[in-house]
Colleague: 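Got a structure for you, questions after.
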There are 2 protein chains.
Amino acid sequence: MAASTLAEVAKLAGVSQATASRVLNGSARKPAEGIAERVRAAAASLGYVANAQAQALAKSSTGLIGLIVHDIADPYFSAIAQGVQAAARQEHRMVLLATTDGTPASEKDAVMAFAGRRAESIILAGSRSTRREDAGANAELAVELDRYCRNGGRVGTLGQPVAGLTETGSVHTVEIPNEALARELALALARDHEGPFVIVGGPEGLATSDDRIGGFQQGLAAAGRPAAEVVHTGFNRNGGFDAGDGIAGKITAAGAPRPCIFACNDVMAIGVAAALREHGLKAPRDAALAGFDDIEWLRDFRPSLSTVGLPLEDLGRLVTLGAISGEAGPSAVEGAVVLRHSTSTLV
Amino acid sequence: MAASTLAEVAKLAGVSQATASRVLNGSARKPAEGIAERVRAAAASLGYVANAQAQALAKSSTGLIGLIVHDIADPYFSAIAQGVQAAARQEHRMVLLATTDGTPASEKDAVMAFAGRRAESIILAGSRSTRREDAGANAELAVELDRYCRNGGRVGTLGQPVAGLTETGSVHTVEIPNEALARELALALARDHEGPFVIVGGPEGLATSDDRIGGFQQGLAAAGRPAAEVVHTGFNRNGGFDAGDGIAGKITAAGAPRPCIFACNDVMAIGVAAALREHGLKAPRDAALAGFDDIEWLRDFRPSLSTVGLPLEDLGRLVTLGAISGEAGPSAVEGAVVLRHSTSTLV
DNA sequence: CTGTTAGCGCCTTCAG
DNA sequence: CTGAAGGCGCTAACAG
């Protein structure tokens with residue numbers, strides 16, 4: 001990576017580095033237009049491209065923002081990433097991307113890598129884990145983030161804040177009202193649905209999943225319904241498929257009532273639908289089915305999926321702008337229950 | 001971003017910077033274990049995190065790889081990004097992400113930004129444009145990439161190489177056999193399908209789309225069929241929807257034969273299916289429908305979509321490894337026609 | 001095996 | 001308004 005340097009440009013233009021720097025890279029004081037023109041010509045003829053690393057070192061500001069997601073191929077995260085990218089571009093920042101396996105341990109690694117690169121802010125897009133076995137790694141993650149903040153870094157979190165953080169002054173969290181929305185969804189479904197409820201959630205200890213499960217149960221209780229059975233599985237399409245496979249067996253049992261299945265995200269709901277289909281069952285005829293997120297790519301699925309709409313791209317944009325501007329504290333975003341055909345009673 | 005520095009660590013440990021550097025950051029020669037321990041202790045107590053910017057400047061190698069996609073929220077690109085990310089992590093690189101609007105002009109901007117950051121390789125994941133009006137921007141893009149290569153950068157391209165590049169020695173292209181596969185698809189469909197063919201493609205001049213259209217027409221010709229009518233529209237879901245809307249009108253016309261619609265990518269095919277549905281039509285009953293890419297998230301769509309499977313994640317992985325290793329020239333990847341229900345004749 | 005000395009490319013006071 | 005000098009944090013040749 002041996003490009004031409006400012007020194008070369010300056011020499012060619014017959015001026016000092018300082019002058020060349022002032023004309024080429026934004027400086028408060030603009031040199032005389034005659035000189036400026038010479039410098040620009042020299043730069044162009046050499047194909048000069050300022051070394052951002054060196055600039056970053058000199059003014060200790062990198063213009064980098066780090067984005068940590070569980071899986072960039074998951075439409076939930078890629079929609080968020082789109083928003084992050086849009087905000088970053090608008091603010092003249094570049095985004096560094098890291099995907100993790102979802103464990104706080106690998107998130108810690110990503111944070112350290114970003115800290116090493118001196119990213120100005122770090123966005124944690126994935127759900128927090130509250131599993132007992134992750135407690136240690138979570139603590140280490142918090143330590144790393146605290147250190148990062150103490151050194152001047154900003155942190156943006158989506159959904160839940162990171163537990164154990166002390167430098168909360170530089171953390172911006174965009175709260176996703178998972179619990180409240182799941183509660184609303186349950187109330188809406190309880191209105192039309194007679195039979196028992198089943199919740200298909202992610203692994204226990206995945207905060208987003210747990211919040212949605214909890215909220216849904218609250219809603220059921222508020223509607224005077226018994227608590228739903230909860231199936232814990234992978235927080236993805238295949239998890240949903242596995243759970244759906246098991247549920248299908250119960251549905252086909254003689255005399256079983258038609259259940260209402262709440263999958264904790266849309267992708268899982270699709271998995272459930274696929275499993276039901278394999279058993280010759282389909283929503284809403286044999287079971288009502290709802291998801292969460294309202295993933296854009298899934299809107300053309302049939303039966304159209306009842307779900308909770310979340311402005312994913314905005315989420316990414318908001319958390320990024322919040323982190324960049326250094327606004328501490330939480331901001332919030334709105335979602336909305338969307339009832340479609342998969343929970344219809346007009347079969 | 002004022003973290004503690006190597007100098008501070010060295011002072012605290014009572015050694016020279018060089019020694020501290022040798023123990024903390026990988027060096028060929030390892031200092032005595034006693035000293036090393038002191039240095040590590042000092043680093044830990046200070047929470048030292050090496051400044052990658054400074055390291056990059058000193059050894060002129062950044063460990064950065066730049067990824068340029070049209071739209072990270074598009075499952076086609078996010079699957080590729082996943083592969084790129086995986087390869088990057090394996091090779092201890094970080095990925096910088098840029099999304100463009102798909103025009104060569106904005107791609108040029110991204111290349112310049114990456115060049116400024118001294119990324120060691122740049123991956124261009126999106127289709128090239130051959131539109132007349134993009135000729136100028138394409139040329140500028142080529143100039144920028146050439147300069148980047150001349151300065152030691154590596155370029156990885158997916159699908160088609162960038163036109164007008166002279167520094168081909170440092171460009172690695174993973175070719176996607178769009179034309180051949182589309183041809184195969186046409187042959188397979190012509191076998192079962194009697195009626196006329198319609199192609200729903202992206203805007204004219206989008207290389208990937210044009211290649212698929214061309215290949216499909218070749219296949220039809222080889223099967224002794226008349227050329228298909230081609231509808232040009234947006235290379236995305238909504239484009240497919242618009243085209244499908246128009247086609248639906250013709251299908252419902254009295255006495256019209258059942259057409260076979262080839263949408264140049266899966267997402268467009270979904271749009272077509274949605275539009276047909278709005279007109280009370282559905283595949284395969286009223287029209288056969290095929291896509292391209294075999295996007296994972298769409299496999300649960302019904303009718304299941306006939307398409308051409310592409311190993312998207314591998315594509316990302318391959319182009320990244322190729323670009324990192326500096327292997328010049330093209331490598332290739334295989335795809336396969338997958339016939340599913342949407343083109344079934346057993347209605 | 002350790003420490004010293006130069007830079008890497010740029011920005012930014014400070015003089016002139 | 002311009003030029004000279006020092007420093008950002010680190011690595012890599014040298015010397016000891």
Side-chain angles (χ1 to χ4, degrees), chain A residues 1-40 42-43 46-64 115-120 151-153, chain B residues 1-40 42-43 46-64 115-120 151-153:
Chain A
M1 305 283 16
S4 48
T5 74
L6 225 207
E8 297 172 349
V9 173
K11 185 152 52 68
L12 206 170
V15 300
S16 73
Q17 272 198 52
T19 304
S21 171
R22 292 195 262 255
V23 20
L24 293 177
N25 313 327
S27 173
R29 292 164 14 195
K30 311 251 84 182
E33 188 49 39
I35 278 305
E37 197 42 57
R38 279 225 314 275
V39 173
R40 269 190 285 269
L46 288 176
Y48 171 75
V49 181
N51 186 328
Q53 312 271 344
Q55 291 184 151
L57 191 57
K59 36 183 203 190
S60 53
S61 101
T62 59
L64 249 28
R117 256 115 203 159
R118 297 300 186 266
E120 287 163 7
N151 290 337
Chain B
M1 303 282 18
S4 49
T5 74
L6 227 207
E8 296 173 350
V9 173
K11 183 152 52 68
L12 206 171
V15 299
S16 73
Q17 271 198 52
T19 303
S21 171
R22 292 194 263 257
V23 18
L24 293 177
N25 313 329
S27 169
R29 290 163 17 195
K30 311 252 83 183
E33 188 49 40
I35 278 307
E37 196 43 57
R38 279 223 315 274
V39 172
R40 269 189 286 268
L46 289 176
Y48 171 74
V49 181
N51 185 328
Q53 312 271 347
Q55 291 184 151
L57 191 56
K59 36 182 203 190
S60 54
S61 100
T62 59
L64 249 29
R117 293 234 119 91
R118 299 298 187 266
E120 288 162 6
N151 290 338

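Chain naming here is simple, since letters A, B, ... match the order of the sequence lines and numbering starts at 1 in each.
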Colleague: For the pair made of CZ in Arg38(A) and P in dC1(D), what is the distance, rounded to whole Å?
Modeller: 16 Å

Colleague: For dC10(C) and Ser21(A) - does any side-chain N or O of the residue sit under 4.0 Å from the phosphate oxygens OP1/OP2?
Modeller: no

Colleague: So do the side chains of Thr62(A) and Arg117(A) get within less than 4.5 Å of each other, counting heavy atoms only?
Modeller: no

Colleague: Asn51(A) side chain N/O closer than 4.0 Å to the phosphate oxygens (OP1, OP2) of dC8(C)?
Modeller: no

Colleague: Is there a side-chain contact between Ser16(B) and the phosphate of dG3(C), meaning an N or O under 4.0 Å from OP1 or OP2?
Modeller: yes

Colleague: Hey, which of these two, Leu57(B) or Gly14(B), hits DNA chain C nearer its 5' end, going by closest nucleotide?
Modeller: Gly14(B)

Colleague: Taking the side chain as every heavy atom from C-beta outward, state whether Val39(A) and Val9(A) have any pair of such atoms under 4.5 Å apart.
Modeller: yes

Colleague: For Ile35(B) and Gln53(A), take the nucleotide of DNA chain C holding the closest heavy atom to each; which residue's nucleotide lies nearer the 5' end?
Modeller: Ile35(B)

Colleague: Taking Arg38(B) for its side chain and Ala13(B) for its backbone only, find out whether a donor-acceptor pair lies under 3.5 Å.
Modeller: yes

Colleague: Measure from the side-chain heavy atoms of Ala18(B) and tell me the nearest of dT4(C), dG9(C), dT12(C).
Modeller: dT4(C)

Colleague: Any idea which of dC10(D), dT2(D), dG9(C) is nearest the Tyr48(B) side chain?
Modeller: dC10(D)

Colleague: Would you indicate which nucleotide in dG3(D), dC10(D), dC11(C) comes nearest to any side-chain atom of Leu6(B)?
Modeller: dC10(D)

Colleague: Between Thr19(A) and dG3(D), is there a side-chain N or O to OP1/OP2 distance below 4.0 Å?
Modeller: yes

Colleague: Mark yes or no for a side-chain to base donor-acceptor pair under 3.5 Å between Arg118(A) and dG9(D), with no hydrogen or angle criteria applied.
Modeller: no

Colleague: Base, sugar-phosphate or nothing for Ala50(A)? Non-hydrogen atoms, less than 4.0 Å.
Modeller: sugar-phosphate

Colleague: For dC11(C) and Gln55(A) - does any side-chain N or O of the residue sit under 4.0 Å from the phosphate oxygens OP1/OP2?
Modeller: yes

Colleague: Which part of the nucleic acid, if any, lies within contact of Thr5(B), taking any heavy atom under 4.0 Å across all strands shown: a base, the sugar-phosphate backbone alone, or nothing?
Modeller: sugar-phosphate

Colleague: Describe the nucleic acid contact of Gln17(A) in one word from base, sugar-phosphate, nothing, applying a heavy-atom distance below 4.0 Å.
Modeller: base

Colleague: For residues Lys59(B) and Asn25(B), determine if any side-chain heavy atom of one lies less than 4.5 Å from a side-chain heavy atom of the other.
Modeller: no

Colleague: Salt bridge or not between Lys11(B) and Glu8(B)? Use side-chain N to carboxylate O under 4.0 Å.
Modeller: no

Colleague: For the pair made of NZ in Lys11(A) and C1' in dT2(D), what is the distance, rounded to whole Å?
Modeller: 19 Å

Colleague: Starting the side chain at C-beta, find the nucleotide from dC10(C), dT12(C), dA12(D) nearest to Lys59(A).
Modeller: dT12(C)

Colleague: Tell me the interatomic distance from Arg117(A), atom CZ, to dG9(D), atom P, rounded to whole angstroms.
Modeller: 17 Å

